[in-house]
Amino acid sequence: MSQNVFSLDDTRHKLRRILEKAKQRVPLSRSDVKWILDLSEPDTIEDLFKAARKLREKYFDNRVFLYGFLYFSTYCGNSCEFCLYRKNNSAAVRYRKSLVQIIESSRCLSESGIHLIDLTMGEDPEIFQAGEQGFDRLLQTIRSVKQNTNLPLMLSAGVLPEAVLRELPEAGAIWYACYQETHNRALYQKLRTRQDYDIRINSKRRAKELGLLIEEGLLVGVGESINDITDSIFVMDELKADQVRVMSFVPQKGTPMEHFPPPNSLKELLVIALMRLVFPECLIPASLDVGGHAQLHRKLAAGANVVTSLIPPSQGLAGVAQCDLDIEDGKRTTAGIQSVLKKSGLEPASSQEYHSWLNQRLESSPPVSDQTLF
Ligand code: SAM
Ligand code: MD0
Ligand code: SF4
């Protein structure tokens, strides 16, 4: 027998052993995680994806959740190296939607049958530099969207002061999303040049203690190593993130990383599948914001169970990583993705199913009372 046949058998055997651990909810070791991230043999990767789909089915049946994306202000006072919307980048389309426009777009999303609205903005100086008044305006926006749609809401507005995080549940937000991108501190500081690592990560810890659900996220293709991604998986576990995501870096015009080579799209898929093995009961997005409609099927086939970045056309709304891809022709809508869901053997969940996942998750990590915190 040739060496190759031997090594392929070894690989299959090792994968089976790791998959069995995941199935039995035995925590994967660092070396298991690194080994998965290093896979390159196509048949073995297919087996990994198949196992990730099976785990998704065990926890979510054939249901997926659909998230509307409402990027209501593209102004930002920060200068993240990878981001189109960094301050002073004249290649970015800037807008700040009025409350009336935000409500109209929210209604549009709600009528299309999504489960949640992700209210997103840059760290808009009009909000961040106006002190309490600015954040009051943000909270008022959340309240109005809640009143007008009664949908679960996620807030992705950057690092928020604790006093604002504290107000979010009452205003109607159930999720706080804030992505570290990497948990390698040196790399982080190169990417998010003007934002302290600890302040960003602690905002998530605090949000969780205050009873919000949290989403943590990674970027791949920004110079991270397999060791770094492995560290991230363990930090996500320690954070008890309720939703975990990975997105491939997309080079952006006018930014310092404009000519940085984009990653192979397989990397994102491997991380999605790995996340499903490690966090089987968590929500894992397949983002339309990277690769658009054309790559949705592959992300779902790797074990994702939320379609994010659904954007209504004709509203002048942008995405982040791919700011206009598939938006105006309606391919980033619930109707536009139906055929992909069908081909993937998946169906949108009912809103009741989404609510019951949220409730069960909230009950499993009740807010820490103020007295016990310090
Ligand atoms: N300004 C807020 C913040 O930074 O937390 C909210 C915006 S959040 C939706 C922006 C996220 O989009 C980043 O955290 C990053 O994960 C992703 N992103 C931004 N630029 C990207 C790019 N060039 N390629 C891929 N993902 C990108
Ligand atoms: C997405 N464009 O889901 C959105 C965004 C922010 N919470 C999410 C990156 O891909
Ligand atoms: Fe601003 Fe967020 Fe982009 Fe950073 S990632 S520049 S904080 S919009």
Side-chain angles (χ1 to χ4, degrees), residues 65-89 91-94 114 116-125 127-128 138 153-160 173 175-182 188 191-195 199-201 203-204 207 213-222 224 232 241 243-260 262-263 265 267-268 283-292 295-296 299 304 306-311 317-327 332:
F65 303 128
L66 309 179
Y67 284 11
F69 182 62
L70 214 171
Y71 199 1
F72 61 94
S73 169
T74 63
Y75 285 89
C76 189
N78 271 345
S79 288
C80 303
E81 298 281 289
F82 52 83
C83 183
L84 178 66
Y85 300 98
R86 69 201 303 269
K87 187 181 173 181
N88 297 335
N89 184 10
V93 175
R94 305 281 175 187
I114 47 123
L116 166 144
I117 298 180
D118 178 0
L119 289 169
T120 298
M121 63 176 210
E123 292 195 0
D124 185 343
I127 304 278
F128 277 71
L138 177 63
L153 302 180
M154 169 182 273
L155 187 67
S156 311
V159 174
L160 297 169
W175 287 94
Y176 175 59
C178 184
Y179 315 140
Q180 206 76 11
E181 327 298 354
T182 177
Y188 170 93
L191 297 172
R192 289 192 170 270
T193 46
R194 295 192 208 156
Q195 194 164 68
I199 292 180
R200 193 166 177 92
I201 204 153
S203 73
K204 283 168 271 200
L213 297 176
I214 57 168
E215 180 179 20
E216 175 62 309
L218 302 184
L219 274 182
V220 289
V222 286
E224 77 291 344
S232 289
Q243 182 165 302
V244 285
R245 79 159 57 204
V246 54
M247 298 206 294
S248 299
F249 164 65
V250 182
Q252 304 291 330
K253 257 204 194 122
T255 65
M257 291 176 73
E258 178 171 1
H259 302 295
F260 205 82
S265 60
K267 203 169 189 186
E268 181 181 320
L283 304 189
I284 303 175
S287 173
L288 285 160
D289 209 25
V290 174
Q295 286 191 27
L296 180 59
K299 299 180 198 210
V306 186
V307 179
T308 68
S309 216
L310 290 155
I311 301 179
L317 290 168
V320 180
Q322 248 130 7
C323 64
D324 55 7
L325 178 69
D326 292 340
I327 298 177
R332 269 163 87 161

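Counting convention: from 1, in listed order, for ligands and their atoms alike. Just so you know, these numbers use all the heavy atoms, side chains as well, and skip hydrogens, waters and symmetry mates. These figures come from a predicted structure and were not determined experimentally.
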S.K.: Test of understanding: given a 4.0 Å heavy-atom threshold, classify the contact between Q322 and ligand 1 as side chain, backbone, both, or neither.
M.R.: neither
S.K.: Short list, please: which atoms of ligand 1 are under 4.0 Å from a heavy atom of Q252?
M.R.: 22 (C), 23 (N)
S.K.: Is there a nitrogen or oxygen of Y179 sitting under 3.5 Å from a nitrogen or oxygen of ligand 1?
M.R.: no
S.K.: Side chain, backbone, both or neither: which part of S248 comes within less than 4.0 Å of ligand 1 when only heavy atoms are counted?
M.R.: backbone
S.K.: Using a heavy-atom cut-off of under 4.0 Å, does the side chain or the backbone of S309 touch ligand 2, or both, or neither?
M.R.: both
S.K.: Give the contacting part of R192 toward ligand 1: side chain, backbone, both or neither, where contact means a heavy-atom distance below 4.0 Å.
M.R.: side chain
S.K.: Which of the numbered atoms in ligand 1 are under 4.0 angstrom from any heavy atom belonging to T120?
M.R.: 7 (C), 9 (C)
S.K.: If we only consider heavy atoms of M257, is any one of them less than 4.0 Å away from an atom in ligand 1?
M.R.: no
S.K.: Of G122, C178, S156, A92, which has the heavy atom at the shortest distance from atom 8 (S) of ligand 3?
M.R.: G122
S.K.: Taking only heavy atoms of A321 into account, list the atoms of ligand 1 that are under 4.0 Å away from them.
M.R.: 24 (N), 25 (C), 26 (N)
S.K.: Which option, R86, R192, R200, owns the non-hydrogen atom nearest atom 2 (Fe) of ligand 3?
M.R.: R192
S.K.: Hey, does V250 come in under 3.5 Å of ligand 1, counting only N/O atoms on both sides?
M.R.: yes
S.K.: Is there a heavy atom in C76 that sits closer than 4.0 Å to ligand 1?
M.R.: no
S.K.: With heavy atoms under 4.0 Å as the rule, classify the contact between L219 and ligand 1 as side chain, backbone, both or neither.
M.R.: side chain
S.K.: Hey, which atoms in ligand 1 end up nearer than 4.0 Å to a heavy atom of M247?
M.R.: 12 (O), 16 (O), 17 (C), 26 (N)
S.K.: Can you name the atoms of ligand 1, numbered from 1 with element, that are less than 4.0 Å from a heavy atom of S156?
M.R.: 6 (C)
S.K.: Tell me, please: is Q195 in heavy-atom contact with ligand 3, that is, under 4.0 Å?
M.R.: no
S.K.: Suppose I only count heavy atoms of G122 and a 4.0 Å limit; which atoms of ligand 1 are within that range?
M.R.: 1 (N)
S.K.: Heavy atom of E258 under 4.0 Å from ligand 1?
M.R.: no
S.K.: Using a 4.0 Å heavy-atom threshold (strictly under), name the region of C76 that reaches ligand 3: side chain, backbone, both or neither.
M.R.: side chain
